[in-house]
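These numbers come from a predicted model, not from an experiment.
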Amino acid sequence: MPVSPKPSKKHWVTEKVSFARSRDFSKFYNARKWRKVSKYKRDVNPYCEKCESNGVVSLSNVADHIRGLGFLIDNGLDPYNLKELQSLCHKCHNKKSGKESHTSRGMGSKS
């Protein structure tokens with residue numbers, strides 16, 4: 001029976017680093033209180049705030065912490081405060097989260 005050759009690592013190929021959060025906030029985001037606050041925020045403002053500022057109308061799917069949950073907890077601020085939240089669509093939320101993850105790891109520019 002034929003045997004396929006074992007793949008060898010090319011010396012010019014860099015090793016891929018997978019994204020991993022530095023802290024686990026799953027308990028916070030899975031808590032009943034957060035789900036209620038998140039739903040209330042999206043009910044009060046059902047449209048994406050980033051899209052609205054660009055003149056586009058799209059429904060929001062996510063209640064996002066403007067300054068980040070880690071920042072709020074580290075500074076003793078209330079993560080359930082509606083002034084610290086914004087309603088975003090998935091596209092805008094993923095864009096914002098991606099930029100934040102790269103700047104926190106020193107890979108992107110801070111803008």
Side-chain angles (χ1 to χ4, degrees):
M1 182 162 294
V3 178
S4 62
K6 291 183 179 179
S8 61
K9 183 183 175 299
K10 310 293 189 249
H11 68 278
W12 62 85
V13 177
T14 59
E15 191 132 350
K16 292 183 181 179
V17 179
S18 64
F19 171 74
R21 295 194 185 276
S22 58
R23 294 161 64 182
D24 182 23
F25 294 119
S26 59
K27 281 187 178 182
F28 176 84
Y29 286 118
N30 291 324
R32 177 181 291 147
K33 184 174 181 179
W34 168 251
R35 289 194 312 264
K36 285 184 176 185
V37 169
S38 173
K39 182 168 179 1
Y40 177 76
K41 175 63 177 172
R42 288 179 283 127
D43 287 344
V44 168
N45 188 0
Y47 300 107
C48 175
E49 295 177 30
K50 291 279 187 194
C51 289
E52 274 185 332
S53 67
N54 295 328
V56 179
V57 177
S58 64
L59 290 175
S60 67
N61 309 97
V62 181
D64 176 66
H65 290 97
I66 297 168
R67 296 192 283 177
L69 179 59
F71 175 83
L72 297 175
I73 291 173
D74 291 345
N75 292 301
L77 301 171
D78 181 17
Y80 300 107
N81 184 352
L82 293 177
K83 292 179 182 176
E84 295 289 345
L85 299 176
Q86 62 184 345
S87 299
L88 297 177
C89 63
H90 282 299
K91 184 178 177 182
C92 292
H93 180 258
N94 291 344
K95 236 187 251 186
K96 177 184 178 277
S97 297
K99 284 180 184 176
E100 286 174 352
S101 70
H102 286 327
T103 55
S104 68
R105 292 190 291 167
M107 297 175 79
S109 63
K110 294 191 179 201
S111 56

Within one Ile-Leu-Val-Met-Phe-Trp-Tyr cluster: Tyr47 and Tyr40, side-chain cutoff 4.5 Å: no
Backbone of Ala63 reached by a side-chain donor or acceptor of Ser87 within 3.5 Å: no
Cluster link Leu69 to Leu82, ILVMFWY, side chain under 4.5 Å: yes
Side-chain (Arg35) to main-chain (Asn30) donor-acceptor, under 3.5 angstrom: yes
Aromatic plane relationship, Trp34 with Tyr29 - under 30° parallel, 30 to 60° tilted, over 60° perpendicular: perpendicular
Ser53 side chain to Lys50 backbone, donor-acceptor under 3.5 Å: yes
Side-chain donor/acceptor of Asn54 to backbone N/O of Val56, under 3.5 Å: no
Cluster link Tyr80 to Leu72, ILVMFWY, side chain under 4.5 Å: no
Pair Asp74 + Arg23: basic N to acidic O under 4.0 Å: yes
Test log, rule side-chain contact (heavy atoms from CB on, under 4.5 Å), inputs Leu77 and Arg67: CA-CA 11 Å; Leu77 301 171; Arg67 296 192 283 177; 3.4 Å; yes
For Lys96 against His65, the heavy-atom pair lying closest together: NZ-O, 3.0 Å
Residues Cys89, Asn61; criterion side-chain contact (heavy atoms from CB on, under 4.5 Å); working and verdict: CA-CA 5 Å; Cys89 63; Asn61 309 97; 4.0 Å; yes
Common cluster, Leu85/Ile73, ILVMFWY with side-chain heavy-atom separation under 4.5 Å: yes
